[in-house]
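Step one of this worksheet: look at the structure below.
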Amino acid sequence: MLKYVKEKIGYIVLMLIGVFCVYFLFHTIFSYNVAHTNSNINKKEAEDKMMEESKYAGVGIATSIEEEKTYRSAIHYPVFESDAINAKINSYLDKAQGEFEKTLEGVNKQSLYNHPANFSLSFTIHQVVDGLYSIVFTEESYKEEDDVKLVGKVFVVDTNKGKFIQVDEILNNDVENRNDLYKVIKNSFLESKYKQYFLQNKWDEWVQQQDFSNMYLTDDSVVFLFDKNELTIGTAGMPEISIPIEQAASFFKKEWKEKLLSGKETEETKVAQDEKKQIEEEDKQVQKEEPSTGKRVALTFDDGPHATYTPEVLDLLKSYNAKATFFLLGSRVDFYPDIVQRIVNEGHEVGNHTWDHRDLTKLGRETIRHEINDTNEAIKKAAGVEPALFRPPYGAMNQRVMEVLDVPEISWTVDTLDWKYRDPEHILSIVKENTHDGSIILMHDIHGTSVEGLKLVLSYLEKEGYEFVTVTDL
Ligand code: NI
């Protein structure tokens, strides 16, 4: 009898273990699928927002920034509705960055600690006609004490058809026509500010290649972009030779001639947009808060604005009646001016974080000035205010940058490393450990995990009795 019961119990235990195993297996697979699908949906939503909120119809901007001890990179790229276009742009980005990283393999680690390697990839966008854009990438890289390398790459994209336009589709194919175009480019070169740097032998080489893949269009010109050292001595940087569309159109196929000489934006729509902006500005009321005597902390958000995450950050701040400071990138402000307007309307402070997050200490005075002034102008155009603060990318400053700068440079005291770990709990633990009265906390409003982290941080610091103020009010 006892033996029988024992056997029975043995069977039951085995069965239970079996059932549990099966359940566990299913649960794991099922929840993995759910989590996986959710993150895909979130990613899709974020990408859709990138385009919806953008000033450029059907094109968003994505930014990825890394700041390691030995290696820094800032990459900005456009995002389109067409997956095929995005795939091709991504493969260009991967290839460019991969090639640079390969050159670092042989480099002494200690030397990289002393001089971090740097890879920057940014772009400008030009609307040619409705739905037709030129994307002009500039790749800037250096390692150790090498010269800065500058390389360009252009894409012409038809967003209506979801495809790239090749130069051969635009240019008339006959040889004579092409030879004439070379003459026009050369004449423009010799009339430009690059004249003194021009190298005839390099020009001869370039003409030999019979390759116009460095050509792009704007709404009123055709532009040829050259790499550093391609046709000139290095100090010339990357020459851009621009030819008015009326002059260049004779080299185009008939269809393109018609397309480019008509269909420009009318003055009327521009005026209407300006008027709308003015009305919005007049509506704006910034309230000044009474100063209090409690503990204060300044939350700061870098590298935005972002179409999805910045509005989420703003919603959260509002629910805690918190004010914060946003250090903006001009290149992103250009895409999302309405979000900048909202930041300012809701009483937050905006600071300048340069145009495209390059290490300013490696740039000449004129370029530094552009990085700062172009960003100021974009912010002013978007929200009617001039940033009164500046935060240098990677915290990198030198005498030259200081001389160009006419507003205070703002660093941080608590680095949440949110961009690196992408972990809300980790953000909270760093904040818990390091925040005091008067702290300046660094976060980035271009990551979903940072928004989640902000929720935890706001709740924790509020309980600790902190008031959230702008850097200026700290
Ligand atoms: Ni930054």
Side-chain angles (χ1 to χ4, degrees), residues 61-77 97 116-123 138 140-141 298-310 313 324-336 339-340 343 348-363 367-368 370-376 378-379 387-398 401-402 404-405 407-422 426-427 430-431 439-451 453-454 457 470-471:
I61 180 173
T63 295
S64 132
I65 291 171
E66 280 179 71
E67 189 179 345
E68 301 287 357
K69 292 265 185 303
T70 56
Y71 179 56
R72 297 159 171 177
S73 74
I75 297 173
H76 313 274
Y77 57 97
Q97 193 173 17
N118 194 305
F119 181 82
S120 306
L121 194 59
S122 38
F123 70 96
T138 306
E140 182 184 87
S141 60
L299 298 171
T300 65
F301 299 94
D302 285 15
D303 303 347
H306 189 281
T308 312
Y309 304 129
T310 307
V313 165
T325 305
F326 293 78
F327 289 95
L328 305 169
L329 291 177
S331 56
R332 301 191 56 92
V333 170
D334 180 43
F335 272 75
Y336 305 116
I339 296 173
V340 181
I343 293 173
H348 305 290
E349 184 165 39
V350 288
N352 183 325
H353 195 42
T354 74
W355 186 261
D356 51 10
H357 213 278
R358 287 148 86 187
D359 177 349
L360 296 186
T361 63
K362 299 288 174 192
L363 305 178
T367 317
I368 297 171
H370 265 292
E371 283 282 334
I372 295 170
N373 292 349
D374 292 356
T375 304
N376 281 344
I379 293 172
L389 307 169
F390 176 75
R391 177 174 279 167
Y394 315 110
M397 286 287 283
N398 64 8
V401 180
M402 238 116 75
V404 173
L405 205 61
V407 295
E409 176 219 345
I410 303 296
S411 189
W412 55 87
T413 63
V414 181
D415 186 350
T416 61
L417 295 174
D418 58 336
W419 63 273
K420 190 169 182 176
Y421 295 103
R422 310 280 176 102
H426 195 259
I427 294 171
I430 290 180
V431 166
S439 285
I440 300 178
I441 298 176
L442 169 63
M443 296 177 79
H444 298 81
D445 52 333
I446 57 172
H447 309 297
T449 42
S450 300
V451 180
L454 177 64
V457 166
T470 63
V471 168

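All values derive from a computational prediction rather than experimental measurement. In listed order, ligands and their atoms are each counted from 1.
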Closest heavy-atom contact between S450 and M443? O-CE, 3.4 Å
Measure across A388 and V407 and return the closest heavy-atom pair with its distance rounded to 0.1 Å.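 Taking every non-hydrogen atom into account, O-CB, 3.4 Å.
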Got a sec, which pairs hit salt bridge (charged side-chain N to carboxylate O under 4.0 Å, His left out) with one end in residues 348-359, sequence neighbours left out? R72-D359, E140-R358, R358-E371
Check this for me: H447, atom NE2, are more than 12 non-hydrogen atoms of other residues, nucleotides or ligands nearer than 6.0 Å? yes
Total protein N/O/S atoms whose distance from the Ni ion (ligand 1) is less than 2.8 Å: 3
Residues two or more places apart in sequence or in another chain: which of them pass side chain to side chain donor-acceptor pair (under 3.5 Å) with H353?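 Side chain to side chain donor-acceptor pair (under 3.5 Å) check on H353 returns D303, H357.
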Counterpart residues, salt bridge (charged side-chain N to carboxylate O under 4.0 Å, His left out), relative to E68 (two or more places apart):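 Only K420 meet the salt bridge (charged side-chain N to carboxylate O under 4.0 Å, His left out) criterion with E68.
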